[in-house]
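This structure is a prediction, so every number in the text was calculated from the model and none was measured.
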Amino acid sequence: FMKVFNDYLGYCGSIPFLADFERRLDEQGQYEAFQKKFEEIEGTSWKEGREDYYFVQDSIVSAIVELGIMSEDAAKNWADNAEKSYSLSIDKFAEYVKTYCSRKGRNHHVLFLVDEIGQYIADDSKLMLNLQTVTEDLGTACQGRAWIIVTSQQDIDSITKTMGEDFSKIQGRFASRIALSSADGDEVIKKGILY
């Protein structure tokens with residue numbers, strides 16, 4: 001969920017601690033200036049270079065220092081320890097989504113689509129609990145402005161019978177259910193529900 005959300009916002013989805021750095025710069029109004037300074041120093045755009053984080057650390061540190069974001073010692077310390085000190089919690093994720101929705105206005109909503117949730121969860125009750133917690137925390141923090149839609153090839157009742165009571169607990173978090181048969185496939189594709 002966090003990776004997709006970071007990608008959507010234009011942050012580095014594949015390196016979460018770097019996305020957090022970008023988010024902080026954005027909040028301080030320095031993200032654009034940082035990107036320009038990095039490109040001046042490195043000779044490549046930030047969006048192209050950031051995936052090679054470990055090879056461009058010196059350029060990142062130089063850009064941070066030249067813009068006065070941090071001292072050289074602080075920037076080097078951040079670059080050396082950013083990955084180890086980064087942590088993500090479901091609460092923090094829900095807060096990020098809430099902040100985003102608040103900035104966009106009262107009528108803005110975020111929708112997370114998860115295809116084949118049954119394959120992801122399989123019979124791992126911890127993953128099921130994580131999904132339930134993400135759903136609850138997004139609902140509480142965003143007050144209905146963040147939605148999660150999941151799909152599964154199996155109907156929900158057969159999954160409940162196979163997986164037992166643990167799965168039935170999460171069903172309450174997904175109150176709206178739409179049953180689609182394979183005969184409905186053409187209609188689903190035509191109407192763009194799966195896109």
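Nearest approach of Leu25 to Phe34, heavy atoms of both residues: CD1-CG, 3.6 Å. Shown here for Ala94 and Leu138, the closest heavy-atom pair between the two residues is CA-CD2, 3.9 Å. Scanning both residues, Glu51 and Ser14, for their nearest heavy atoms gives OE1-OG, 2.7 Å. The two residues Ala19 and Cys12 come nearest to each other via the heavy atoms CB-O, 3.3 Å. Ile64 and Ala75 get closest at one heavy-atom pair: CG2-CB, 3.8 Å. Listed here is the closest heavy atom pair of Tyr31 and Gly10: OH-O, 3.8 Å.
Between the side chains of Gln132 and Glu136, at least one donor-acceptor pair of N or O atoms lies under 3.5 Å.
The closest donor-acceptor contact from the side chain of Glu72 to the backbone of Val65 lies at 3.5 Å or more, if one exists at all. Judged by distance alone, with hydrogens and angles left aside, the side-chain atoms of Gln57 form a donor-acceptor pair with the main-chain N or O of Ala79 at under 3.5 Å.
Around CD of Gln28, the count of heavy atoms belonging to other residues, nucleotides or ligands within 6.0 Å exceeds 12. By the neighbour-count criterion of 12 heavy atoms within 6.0 Å, atom CZ of Phe55 is sparsely surrounded, having that number or fewer from other residues, nucleotides or ligands. Other residues, nucleotides and ligands place more than 12 heavy atoms under 6.0 Å from the CG atom of Asn81. Atom CD of Glu27 has more than 12 neighbouring heavy atoms from other residues, nucleotides or ligands inside a 6.0 Å radius. Within 6.0 Å of the NZ atom in Lys47, the count of heavy atoms belonging to other residues, nucleotides or ligands exceeds 12. No more than 12 heavy atoms of other residues, nucleotides or ligands sit less than 6.0 Å from atom OH of Tyr8.
No continuous path of hydrophobic side-chain contacts links Ile41 to Phe38 [ILVMFWY only; heavy atoms under 4.5 Å]. Following chains of ILVMFWY side-chain contacts shorter than 4.5 Å, one cannot reach Trp78 starting from Val61, and the two form parts of different hydrophobic clusters. Under the 4.5 Å side-chain contact rule for hydrophobic residues, Val4 and Trp147 do not share a cluster. Criterion: ILVMFWY side-chain heavy atoms under 4.5 Å apart, direct or through other members. Under it, Leu18 and Tyr86 are part of a common hydrophobic cluster.
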Verdict with supporting geometry, Tyr96 and Asp20, side chain to side chain contact (heavy atoms under 4.5 Å, CB included): CA-CA 10 Å; Tyr96 288 151; Asp20 193 50; 2.9 Å; yes

Quick one, Asn6 with Arg23, criterion side chain to side chain contact (heavy atoms under 4.5 Å, CB included). Give me CA distance, side-chain angles, the key distance, then yes/no. CA-CA 9 Å; Asn6 283 334; Arg23 180 178 288 102; 2.4 Å; yes

Step by step, would you call Asp26 with Tyr11 a side chain to side chain contact (heavy atoms under 4.5 Å, CB included)? CA-CA 10 Å; Asp26 210 3; Tyr11 302 143; 2.6 Å; yes

Verdict with reasoning, Ser87 to Lys92, per side chain to side chain contact (heavy atoms under 4.5 Å, CB included): CA-CA 9 Å; Ser87 67; Lys92 189 187 283 188; 4.2 Å; yes

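When each of Gln35, Glu32, Glu39, Glu22 is tested with Trp46 by the rule side-chain hydrogen bond (donor to acceptor under 3.5 Å, both in side chains), just one qualifies, namely Glu22.
Salt-bridge formation is detected for the pair Glu40/Lys37: a Lys NZ or Arg NE/NH1/NH2 atom is positioned less than 4.0 Å from an Asp or Glu carboxylate oxygen.
You'll find the ring centres of Phe112 and Phe93 inside the 6.0 Å limit.
Separation of atoms CZ (Arg106) and CZ (Arg145) is listed at 7.5 Å; rounding is to 0.5 Å.
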